[in-house]
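Quick notes on the structure that follows.
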Amino acid sequence: MLRSFGWQDLEALLRGALWTLALCVTSGILGTVLGLGLGLAATSPSRVARWVAYIYVYVVRGIPLLIIVFFAYFGIPLVFPGVELSAFVTAVIALTVFSVAYMTEIFRGSINAVPQGQLEAAEALGLSYTLKYRYVVLPQAMRIAVPPGIGFLIALIKDSSLVTVIGFVELTHAGTIVSNLTANPILTYSVVAAFYFVICYAVSRLGRWYERRTGVRSEPLGTDAQPATLQLEGV
Amino acid sequence: MTFYFGDLLPFSSQLAAALWVSIYITLIAMAVGSGFGVLLYLGKAGTMPVVPQVSSAYIEVFRNTPLLVQLYLIYFGLPELGVNLNPTWAGIVALTLNNAAYTAEIYRAGFESVPGGLVEAGRALGMRGSQVFRHVVFMPATRNVFPALTNQFILLFLASSIASIIGLPELMNSILNINSETYRTFEILAVGGLLYFVVSGVFALGSKAMESYLFRWGVRSRA
Amino acid sequence: MIVVKDLHKKFGSNEVLRGIDCEVAEKEVVCLIGPSGSGKSTFLRCLNGLETITSGTVSVNSHMVSDSRTDINVVRRQVGMVFQHFNLFPHLRVVDNVTLAPTKVSRVPREQARQKALALLDKVGLADKTHAFPGSLSGGQQQRVAIARALAMDPTVMLFDEPTSALDPEIVGEVLTVMQTLAREGMTMVVVTHEMGFAREVADRAIFMDGGVVVEEGPPAQVFGAPRHERTRNFLSKVL
């Protein structure tokens with residue numbers, strides 16, 4: 001049933017784009033919250049906590065996202081027999097696991113970037129670990145974390161395209177469906193690409209606005225002042 | 001739940017072969033893509049008409065759209081224009097074009113971080129722009145961004161798994177095939193993941209060694 | 001050798017050089033002194049085209065540097081420059097730093113360039129460091145390599161932009177000694193410097209610049225000993 005590319009196809013793609021956003025916002029928020037927790041673990045005085053964080057980050061970042069997606073898709077029904085999760089939830093789980101690893105690294109870096117003098121001043125004033133973190137370290141670390149966080153959000157938006165393999169109808173999957181219906185892959189996928197471009201570009205402008213407003217700079221990509229762990233964009 | 005890793009043994013050579021495919025498509029994409037990326041950067045930073053805008057646009061488009069969509073456009077889209085690439089070539093082309101855009105940005109940071117004094121010294125000696133670039137600027141710039149380049153290589157290697165979606169016979173594809181043959185999902189995903197993990201780790205270590213050797217002139221070009 | 005007439009240089013709306021007239025004869029050693037921001041370095045950099053000229057004429061060895069049609073690289077092959085921050089190429093060994101330009105620009109055969117480089121490095125007192133990387137050398141050693149590198153092109157004029165300003169005081173001497181040797185051998189030199197002692201001893205002529213103009217010039221004995229202008233006196237009283 002072939003037809004030419006029309007408004008209903010554009011609408012289908014738009015719906016896909018909205019699902020992509022829903023997916024990324026959800027995983028992004030979950031990933032940030034959990035990543036903050038693990039980031040605190042990564043910088044904690046407890047060796048065990050640091051190791052747990054380190055291993056998690058190291059493993060998740062050392063394997064392709066596709067493996068994580070398939071692990072979620074095939075693995076959850078195996079580990080929890082009888083549980084049937086929707087494609088959306090499975091996708092969110094996979095992307096959250098992925099996001100946590102990157103956000104942990106971002107928070108670890110930001111917490112470490114708070115000048116030593118701040119910690120010393122807080123300790124000299126007698127602030128406990130919790131107070132010190134709550135009032136001195138984290139507020140500053142959060143500001144520092146925003147530019148790389150936005151950079152990661154952009155990567156997440158692009159990487160969310162991979163959940164197409166488990167059949168979740170986000171933007172890329174919608175594109176595949178439309179492309180097959182209209183036999184017009186170039187037009188279809190160009191529109192899909194345009195949607196991604198607009199979303200990512202908007203987010204990066206947001207990031208630049210933030211940098212301008214607060215004066216917090218993200219590390220220029222490539223200088224070896226920061227180790228490769230904070231580099232997120234690559235594909 | 002029980003795990004039977006033994007069921008995977010008969011497939012070990014298949015996995016190894018597929019791993020090699022992943023590695024070599026990454027190598028090609030990195031080598032060609034990086035070269036192209038440097039050219040893109042030169043085009044963007046240069047003074048020719050139109051070229052800077054085209055380079056800029058290329059970089060922005062490839063960095064703000066998913067690799068998968070780029071891959072689809074090449075594999076499914078190009079046949080519309082009469083260009084039929086098999087999955088392997090489509091995958092290599094997509095990875096290369098994608099990598100070029102990221103390399104261009106990495107090198108931009110690299111070249112901009114080379115102290116201006118070095119360029120002046122080269123020019124004062126009578127060297128032309130291209131000579132200054134080749135002999136004075138390129139190595140210090142590469143040294144400055146070497147960690148980012150190795151990181152890029154590892155990301156590219158992991159991203160090569162995406163090509164499995166169009167059937168390129170690399171590691172991820174092999175993993176999925178073995179899964180459908182043995183139904184040992186956990187085991188094969190774990191082993192596959194481990195392979196990616198270990199190979200990336202080896203690359204990371206190897207690059208550290210390479211860095212110490214290539215850049216044994218030590219001190220970063222001082223400002 | 002060098003003839004500068006009514007040189008003006010603007011950076012945006014900021015006029016840094018406001019009409020400089022200057023002539024440097026062959027074998028002459030000219031020292032440029034003056035406060036920061038007086039335009040001394042800018043003037044020097046106009047001579048080999050590292051700064052573009054807003055108006056006026058600059059001619060070096062009869063080549064019109066100020067004319068945009070002139071191939072500036074021809075001029076640069078004849079003019080050597082030594083920078084305040086040395087600017088050695090960190091990824092090349094010392095000897096390669098010196099041979100790079102002769103082999104690539106002047107197309108001197110590799111072996112010939114090497115021999116010359118080794119001779120020059122010996123002359124500046126660094127025969128034992130020929131295969132070291134710049135990163136392992138002290139500032140004074142690096143600057144001497146930089147001088148050898150510039151000399152390798154057989155220039156007729158050598159420009160020095162505050163060559164010792166970035167060096168620790170104890171090391172300044174070793175560089176000045178090399179420069180003194182060059183002067184004695186008859187090299188035409190234009191030196192921007194704060195080293196008044198060197199200017200007094202070695203220069204044939206001292207030029208005091210302030211606010212983008214030449215305030216006073218003459219033999220060092222006169223400029224340093226009996227300055228005619230108020231501004232010159234003010235400056236000298238502060239630095240001497």
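Chain letters run A, B, ... following the sequence lines, proteins first and then strands; every chain starts at 1.
- Under the 3.5 Å distance criterion, with hydrogens and angles disregarded, a donor-acceptor pair is assigned to the side chains of Thr52(C) and Lys9(C).
- Heavy-atom pairs under 4.5 Å with chain B were tallied for Leu92(C), Val105(C), Asn97(C), Val74(C); the largest tally goes to Val105(C).
- Both the backbone and the side chain of Arg149(C) come within less than 4.5 Å of a heavy atom of chain B.
- When the candidates Gln78(C), Met153(C), Lys104(C), Arg93(C) are compared by the number of heavy-atom contacts under 4.5 Å with chain B, Lys104(C) comes out ahead.
- Between Thr65(B) and Gln70(B), the side chains place a donor N or O and an acceptor N or O closer than 3.5 Å (distance only, hydrogens not considered).
- Under 3.5 Å, the side chains of Tyr107(B) and Thr142(B) contain a donor-acceptor pair of N or O atoms.
- No more than 12 heavy atoms of other residues, nucleotides or ligands lie within 6.0 Å of CD in Glu23(C), so this atom counts as exposed by the packing criterion.
- For the options Met127(B), His135(B), Gln131(B), Arg128(B), heavy-atom pairs under 4.5 Å to chain C are most numerous at His135(B).
- With a 4.5 angstrom heavy-atom cutoff, Phe89(C) touches chain B via backbone and side-chain atoms both.
- Put simply, of Arg76(C), His91(C), Gln84(C), the one with the most heavy-atom pairs under 4.5 Å next to chain B is His91(C).
- Note on ring orientation: taking the six-membered ring where Trp is involved, the planes of Phe36(B) and Tyr58(B) are perpendicular (angle over 60°, cut-offs 30° and 60°).
- Ring-plane geometry between Phe76(B) and Tyr72(B) is classed as tilted, the angle between the planes lying from 30 to 60 degrees on a 0 to 90 degree scale.
- When heavy atoms are compared at a cutoff of 4.5 Å, Leu88(C) approaches chain B solely by way of its backbone atoms N, CA, C and O.
- Heavy atoms closer than 4.5 Å to chain B are found in the backbone of Val79(C), but not in its side chain.
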